[in-house]
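Note that the structure is predicted; figures quoted are calculated from it, not measured. Hydrogens, waters and symmetry mates play no part in the numbers below; they use all other heavy atoms, side chains included. Both ligands and their constituent atoms are indexed starting at 1 by order of listing.
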Amino acid sequence: MRFFSVLASASLALVASAHPGPHVERSHAEMARKAKLSGRCEQHVAQFNAKRWKRDLAGPGNTTVQIQTQAPHYETLQNDTCVLTPEVTAGPYYYPRSQTLRQDMTEDQVGVPLWLDIGVMDMATCAPLEGVMVDFWHCNATGSYSSFTELSPNVNFPTILAEEGKNVSDFVVGSTDIHTDSSTWLRGMWPTDKHGMMQMKTIFPGFYIERAIHIHVQVHTDWTTRENGTLVFENTVSTGQLYFQEALEEKIMAMEPYASHTQINRTRNDVDMEFSKGTKNGYNPVVSVVAIDENDLSKGLIGYITIGVDTTAIEDEHWSAS
Ligand SMILES: *[C@@H]1O[C@H](CO)[C@@H](O)[C@H](O)[C@H]1NC(C)=O
Ligand SMILES: *[C@@H]1O[C@H](CO)[C@@H](O)[C@H](O)[C@H]1NC(C)=O
Ligand SMILES: *[C@@H]1O[C@H](CO)[C@@H](O)[C@H](O)[C@H]1NC(C)=O
Ligand SMILES: *[C@@H]1O[C@H](CO)[C@@H](O)[C@H](O)[C@H]1NC(C)=O
Ligand SMILES: *[C@@H]1O[C@H](CO)[C@@H](O)[C@H](O)[C@H]1NC(C)=O
Ligand SMILES: *[C@@H]1O[C@H](CO)[C@@H](O)[C@H](O)[C@H]1NC(C)=O
């Protein structure tokens, strides 16, 4: 298997949580505008989802072989769209260098298998967006991130930084480097097909201190492969976080190896700071989940979500491949 790694260049202008002022201002106007776009695309989202169910029920390829979903799942079909904005933070465990081009990012991580079935829609045209790179990273069943395995998931971020001799007020996402190793598990990216869809196999994430269970996702346009096989990204149109329903989380967290994470209490969606930002203006960042076997969740879950991206709000990021 070929691995591609992507390295952020020094000129990166990433949105940093450390600069709330102007971004907050812009964010409100942006979010209101996107909420309008989102509503306008409702019918298209429904059609988009209907096609997706059909495709999965037909069971193409090996990843969906075990999927035995039945008609009742249409009941969970949602017409609202998860619109991920560039203003949602990529968080401290953002490390593009370890993002790897593949459709199964599990590696050796233990947990409940999760097939993410993602649709990407251009909110400007309500049409599926082909050929955009969808990029994920999340923690393992007990809260650790690859590339940061030496940082404890049970210690809050300012304390971790202090231990590293850094001050949290100086931390800038994408430029303050606190990675501890080069492991790549639970980090992966894959482009959308002509129907605007892509699938990524992973495990259901666990949790770390002060955060609800989530998966980071970015959508990049204008990516190209170089002759030597590395990737170059010119633009990021969306940076967001995906969540799950509390009732499902409760069930999964009661299973091993998740249940062994007892050092801290899990933060619920309803009290998570980032979650409330993601649900404003009618956005729905909660993944619709179908269990492969309702009576045995350990067999795996299929998670569906449509990411509406605003191609007119491009974060002009210049990436260079390593
Ligand atoms: C969702 O869209 C479908 C098809 O366009 C429509 O029939 C249905 O009423 C919509 N449902 C909701 C809850 O808006
Ligand atoms: C699909 O799965 C079968 C059985 O596990 C395996 O023999 C085959 O190589 C797989 N095909 C692909 C394309 O991965
Ligand atoms: C998660 O990753 C950490 C750091 O590598 C590791 O110590 C821990 O065992 C992993 N959790 C599970 C459930 O494998
Ligand atoms: C971190 O920086 C802020 C602002 O520069 C300062 O007020 C604070 O005392 C510093 N904290 C530590 C632990 O150095
Ligand atoms: C978790 O929450 C319970 C109930 O509020 C509390 O008794 C317990 O001490 C907490 N555990 C940890 C590790 O914080
Ligand atoms: C690939 O090519 C680019 C541009 O020429 C170069 O900067 C990069 O180091 C190369 N990477 C590898 C792994 O060869």
Just to verify, what does Thr192 make a side chain to side chain contact (heavy atoms under 4.5 Å, CB included) with, not counting sequence neighbours?
Val120, Val132, Val134, Met198
Run the salt bridge (charged side-chain N to carboxylate O under 4.0 Å, His left out) test against Glu246 and tell me which residues pass, sequence neighbours left out.
Arg266, Arg268
Taking the six-membered ring for Trp, are Phe207 and His261 closer than 6.0 Å centroid to centroid?
yes
Which of parallel (below 30°), tilted (30 to 60°) and perpendicular (above 60°) describes Tyr93 and Tyr145?
parallel
Which N/O atoms of ligand 3 sit under 3.5 Å from a protein N/O, and at what distances?
from	atom 1	to	atom 2	distance (Å)
ligand 3	2 (O)	Asn140	ND2	2.3
ligand 3	11 (N)	Asn140	ND2	3.1
ligand 3	11 (N)	Thr142	OG1	2.7

Short N or O distance, Gln263 and ligand 5, threshold 3.5 Å exclusive:
no
Have Gln241 and Tyr243 got a donor and an acceptor in their side chains that come within less than 3.5 Å?
yes
List in chain and number order the residues that pass side chain to side chain contact (heavy atoms under 4.5 Å, CB included) with Asn295, two or more places apart in sequence or in another chain; answer none if no residue qualifies.
Asp293
Per-atom filter on ligand 5: closer than 4.0 angstrom to a heavy atom of Asn265 are 1 (C), 2 (O), 3 (C), 8 (C), 10 (C), 11 (N), 12 (C), 14 (O)
Is it the case that the side chain of Tyr95 and the backbone of Ser182 share a donor-acceptor pair, with hydrogens and angles ignored and the cut-off at 3.5 Å?
no
